[in-house]
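In what follows, chains carry the letters A, B, and so on, assigned in the order in which the sequence lines appear, proteins first and then strands, with residues in each chain numbered from 1.
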Protein chains: 2
Amino acid sequence: MDIAALRAANPDHWTKAAAIRALTLDAVHAANSGHSGMPMGMADVATVLFEKHLKFDAAAPEWPDRDRFILSAGHGSMLLYSLLYLTGNPDITLEEIRNFRQWGAKTAGHPENFLASGIETTTGPLGQGISNAVGFAMAEEMLRARFGRKLVDHYTYVIAGDGCLMEGVSHEAIGIAGRQALGKLIVFWDHNSITIDGKVDLSDRTDQVKRFRASGWQVLEIDGHDPAAIDAAITTARKSRKPSMIACKTHIALGHAAQDTSKGHGALTDPDQLVAAKQAYGWPHGPFEVPGDVKSAWETIGARGAAERESWNARLGETSERRQKEFARIFAGEAPKSLSARIKALKKQVSEEKPKVATRKSSEMVLEVVNPIMPETVGGSADLSGSNNTRSGDMSVFDVDNRKGRYVHWGIREHGMAAAMNGMALHGGIRPYGGTFMCFTDYARPAMRLAALMKVPSVFVMTHDSIGLGEDGPTHQPVEHLAISRATPNTWVFRPCDTVETAEAWELALRSTDTPSVLSLTRQGVPTLRHEHKNKNLTEQGAYVLADATGKRQAILIATGSEVSVAMKAREMLEAEGIGTRVVSMPCMELFAAQDDAYRKRVLPGGPVRVGVEAAIRQGWDRWLLGQGGREQKAGFVGMDSFGASAPAETLFEKFGITAEAVAQKVKSLL
Amino acid sequence: MDIAALRAANPDHWTKAAAIRALTLDAVHAANSGHSGMPMGMADVATVLFEKHLKFDAAAPEWPDRDRFILSAGHGSMLLYSLLYLTGNPDITLEEIRNFRQWGAKTAGHPENFLASGIETTTGPLGQGISNAVGFAMAEEMLRARFGRKLVDHYTYVIAGDGCLMEGVSHEAIGIAGRQALGKLIVFWDHNSITIDGKVDLSDRTDQVKRFRASGWQVLEIDGHDPAAIDAAITTARKSRKPSMIACKTHIALGHAAQDTSKGHGALTDPDQLVAAKQAYGWPHGPFEVPGDVKSAWETIGARGAAERESWNARLGETSERRQKEFARIFAGEAPKSLSARIKALKKQVSEEKPKVATRKSSEMVLEVVNPIMPETVGGSADLSGSNNTRSGDMSVFDVDNRKGRYVHWGIREHGMAAAMNGMALHGGIRPYGGTFMCFTDYARPAMRLAALMKVPSVFVMTHDSIGLGEDGPTHQPVEHLAISRATPNTWVFRPCDTVETAEAWELALRSTDTPSVLSLTRQGVPTLRHEHKNKNLTEQGAYVLADATGKRQAILIATGSEVSVAMKAREMLEAEGIGTRVVSMPCMELFAAQDDAYRKRVLPGGPVRVGVEAAIRQGWDRWLLGQGGREQKAGFVGMDSFGASAPAETLFEKFGITAEAVAQKVKSLL
């Protein structure tokens, strides 16, 4: 690569881009770790995008109508940090750049959305950013349809690498974007032909251009180091009614001894090579030094959107107060005040009517009440709408000619759905929920983990949550998925026992601002167990006494979901034999763990035999069965210790021994 | 669809295919659940494949050189069961067909490989079958290169639906197959334009023909109900040097009132409609009744390959005895006799030399010893070869022009890698292992679960297994993934503390015939702790006393992996203060759980304070901390209760409080 020629051709551009490259080299050198090559390869694209197209105001990085810039190739985090610092983002100071990858720094190894403004999403696990971006672009379409283009009208730009495009989730994302004709989604492919193991060709020869076109995208091909070509391609892409992919032929680690090699992907820390690269760039400045004129040029770029933002503010001010409040509310992620009353009314109604329904149906009953008063909810399912019961009557289907639609047919794409949901939530103004079978938590898992890490309140509606799904068999029967979801930090796993608890769980999920929820719901019908209406949301405490022992308390049965009714039957049997038995319903272990010790001890006093009942594995239960007891706590568990099987549900509960009889027997064997 | 015209055009073919359709209708009707439409739509393709092309002998379904037939659209299981029954498979009798989806039947809701011969893999979770198939086809290439085409020369056929092709993993699979030019892989796409939610068009408009071509496949397009076209397409596909996709335009639920509708996807149980469909088929027979001539025609097909199998047997008999034994050994999944001696020698050497290395490096040391004596091992990595240390010096890279290569550059495709590994193991003759970062267990998870369910001994080499990976931050730091892997039934999760335990873990993983293993390995160096050589594999018991208290035993520290050395340091500190402290190394909880009570109590006697130490969440530990104790067991845990952070590893251990000092302090606070 003839660096001198590049410099000479566009000196102003070159210098601005060189600042990114130099900062990257310095930060990685100081940290002695990181990924130098990607920022060095994509600095030209990013510079043109920020200088000529990206609508943003560095001083107000949270401005709702900004264009979104998503670094899907998150290992190249210094590209983003450099851009934020150079343009004047208030969070990413030079000090932060110096502390790249150090304890407490906002400049983490991979971009983390919750550490600094200007970081739209957390990336690093490949393929997530581009899939989040689909959700960002859908959110923009939905909100534009709702509020009009005077308030919502922006683009979503993505930089993705070969890793992102090899990951399966990219296929799902690209398919959704193509189907939905997300014309304001523009993806730059950092086509540098290098992966960690060597040339991309070692493992992949997919023709990405043809692949994207096959999924309904516009594709443009350019030299990723030619500013005019970059500019022209973005201009063309912005006009497209299809999503656009701009294939940018680049040189990883441009200008460094490691250019165009897999070594260039990682941390380039050799001091001599660093000096040589900077020399090639015509960058005589010291480490972390950006000359005033260059910084000032970048800050001018950072301030470019200020006027636009002000006129947007003025337009917002011209709309009705009610509309302004609504806009503010949904972007703050606040539930409407009426939610609580609606939930209480539903609880009251069902505790009187006592329907026997599957909790997936209960969930639909809640959605019928909630969706009409929360226009920010967007529902969907990975091709199991009728099974997940995720579509309420008022929701029309989101489509190219119905951008006001709030229901998404995601297709058989659990992972893409979950990642796009996260993107919607991160965009703001949308509260997404989506359904699949509990067992396919597995497929959505990488995005579900990121929801927790990113602190976004996506709601995962996971139905058919045990062997209770019956004949479909062990490939479709979760046994370990409650444990998996509970293992994830910052995740609420709700397993409600009836419609009342389902309503309470939904209320908590919809009030959450920074914790995602997993709703574990049955396929099979369960009775209403909460007969006595209480305004208080009992699920909020995670566990509570559903029925106490009538005489001396000899046993405590702790159960969740469909097994609470099993425990209640077992209690009847035990009480009939004079064995005083308490039943504790535990719809959310995480919330129970968060209660104070006194409450937890009131619910689970030491002494009585404890038996846990859940049609799933025991892992995660010992804390409640063995912990907090006095003396030696006698305890047992009735659940699964293997995969399930294919047979009618009742047969399975019988054969796997999850019955009231088995629970009563377990208690007696422990007494 | 003019059924009469189809019947008239090819009456013999029609009748055979009608048997599949009728059995499907009857079985689903009897079970009152299942998926009728897919078998009814693809019966013609399957009939032609089995009648004209598939190399198999129904009487010997395990014949190693048979063609493989994989039903990726596993919900259409009655297609497979019908074919097995009709052709005379010994396991799938008419009784089994009648018991479709009932307790104890081999005819589970979705095909389960371990229930009956002739079921090559377990499908149902969409996209898995086609991805397994890539592994099957790779295994065939590898074994053909090793043993010659006289012994290994067969095709892998797949039926995949729209669901399979929408799932992200299909992208990974297609990319690998195209890159590796797996010419003997032939995929039939059941192009029926219907999903559960409605028309495919609702969620996807991908041009699958262009998509497959973009990934290097040959694509043929046919009418999936025209036997001559099907036959011709297969003939063409078999000659291709590229993998082939045959797009079969079909009608879901052909001939039924629900034809071409999403209702047709599910269980068609209406008795009148059933009768009408059979009438249209010209099938006047009673439920489950297949007339003798039709059954006999199918059995002739089932016996078609007998002669070919016999001549194959003869060819096998002509090779050297040594070669025959080797062939039998690898297909039985038996490790060579020399494995044990090699492992012992390595253990002896390292317990003397006491290297301080990362356990990922230890793993490489084991592979350097093992791979040369186990030609059936196939290694690989999802583009992290240098980090996962998965390639031993003797392994060349598998490629189009090096089919003897045993190392696979999978690309950035964790899920596709894991699914293809499972396919290799299922094919037989190959023992696959593959690496990625432990955190990306998430991406591979659906296939890892299936390895466990399917009872295949795939080995997942998961390095960078804690915050010890340092600066890459929380997106790359597992905290819940040990719990997730341990939650999965039939999975061994090894977290070795040093090179000796790593060697022991590998030995167990390589001897396993029906349990997959997860090796959780460090990025960072750890000292050798097993100084005294023992021939016995201590890891086989799951946990053991690494160092006992010198005086009165007051505390037991239980630790795994990199934290065993932390526990050893804490022990030193406590012993210095006169607090007798035992250290238990617990490299495999599952194997420890499988020991008898007496052994477990010897290792973990009740009484002394117990502290668990693992740089991960506590879930799964309470069993060992709180269980089995006498009186009230005092216990604590030193580990993680949140996501990690980006900083140098030592800083992170310090900040998150996973240090010898913290462990000693925890013990003292409990005493």
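- Heavy-atom distances place both the backbone and the side chain of B/Leu126 under 4.5 Å from chain A.
- Counting heavy atoms from C-beta outward, B/Lys210 and A/Arg213 have side chains that stay 4.5 Å or more apart.
- Heavy-atom pairs under 4.5 Å with chain B peak, among A/Gly109, A/Ala487, A/Ser387, at A/Ala487.
- With a 4.5 Å cut-off on non-hydrogen atoms, B/Leu165 touches chain A through its backbone but not through its side chain.
- Both the backbone and the side chain of B/Ala483 come within contact range of chain A, each with at least one heavy atom under 4.5 Å from a heavy atom of that chain.
- Heavy-atom distances place no part of B/Val209 under 4.5 Å from chain A, backbone and side chain included.
- Looking at A/Phe643, both its backbone and its side chain come within 4.5 Å of chain B, counting heavy atoms on both sides.
- Using a 4.5 Å cut-off between heavy atoms, B/Trp103 touches chain A through backbone and side chain atoms alike.
- B/Gln208 does not touch chain A: none of its heavy atoms, backbone or side chain, sits under 4.5 Å away.
- Rounding to the nearest 0.5 Å places CD1 of B/Ile412 at 5.0 Å from OG1 of A/Thr195.
- Atoms CD1 and CE, from B/Ile176 and A/Met166 in turn, are 10.0 Å apart once rounded to the nearest 0.5 Å.
- Between the CZ atom in B/Arg445 and the CZ atom in A/Phe440 there is a gap of 12.0 Å [rounded to 0.5 Å].
- From A/Tyr443, atom OH reaches atom OH of B/Tyr443 across 15.5 Å, with rounding to the nearest 0.5 Å.
- Annotation: the span from B/Leu450 atom CG to A/Asp442 atom CG amounts to 8.0 Å, rounded to 0.5 Å.
- With respect to the salt-bridge test (charged N to carboxylate O, under 4.0 angstrom), the residues A/Arg486 and B/Glu480 do not qualify.
- Proximity to chain A is limited to the side chain of B/Thr651, based on heavy atoms less than 4.5 angstrom apart.
- B/Arg101 approaches A/Ser646 most closely through the heavy-atom pair CA-OG, 3.6 Å.
- In terms of heavy atoms, A/Glu167 sits closest to B/His171 at O-CD2, 3.7 Å.
- Heavy atoms closer than 4.5 Å to chain A are found nowhere in B/Glu654, neither backbone nor side chain.
- Between the OG1 atom of B/Thr475 and the CE atom of A/Met454 there is a distance of 11.0 Å, given to the nearest 0.5 Å.
- When heavy atoms are compared at a cutoff of 4.5 Å, B/Cys439 approaches chain A solely by way of its side chain, counted from C-beta outward.
- The one candidate from A/Met589, A/Arg623, A/Gln619 that meets the side-chain contact (heavy atoms from CB on, under 4.5 Å) condition with B/Gln619 is A/Gln619.
- Contact of B/Pro111 with chain A is not made at all, since no heavy-atom distance falls under 4.5 Å.
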Worked check of salt bridge (Lys or Arg N to Asp or Glu O under 4.0 Å) between B/Asp204 and A/Arg179: CA-CA 5 Å; B/Asp204 193 36; A/Arg179 168 62 185 81; over 6 Å; no
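- Considering only heavy-atom pairs separated by less than 4.5 Å from chain B, the leading option among A/Thr206, A/Thr122, A/Ile196, A/Asp207 is A/Ile196.
- Of the residues considered (B/Arg211, B/Arg618, B/His481), B/Arg211 shows the highest number of contacts with chain A, using heavy-atom pairs under 4.5 Å.
- The shortest non-hydrogen separation linking A/Leu626 to B/Asp622 is CD1-O, 4.1 Å.
- Neither the backbone nor the side chain of B/Ala616 comes within less than 4.5 Å of any heavy atom of chain A.
- Counting heavy-atom pairs under 4.5 Å between each of A/Ser33, A/Gly198, A/Pro446 and chain B puts A/Pro446 at the top.
- Proximity to chain A is absent for every atom of B/His75, based on heavy atoms less than 4.5 angstrom apart.
- Residue contact with chain A, scored on non-hydrogen atoms closer than 4.5 Å, involves the side chain of B/His415 exclusively.
- With a 4.5 Å cut-off on non-hydrogen atoms, B/Thr123 touches chain A through its backbone but not through its side chain.
- The minimum heavy-atom distance between B/Asp197 and A/Gly386, with the atom names listed, is OD1-N, 4.3 Å.
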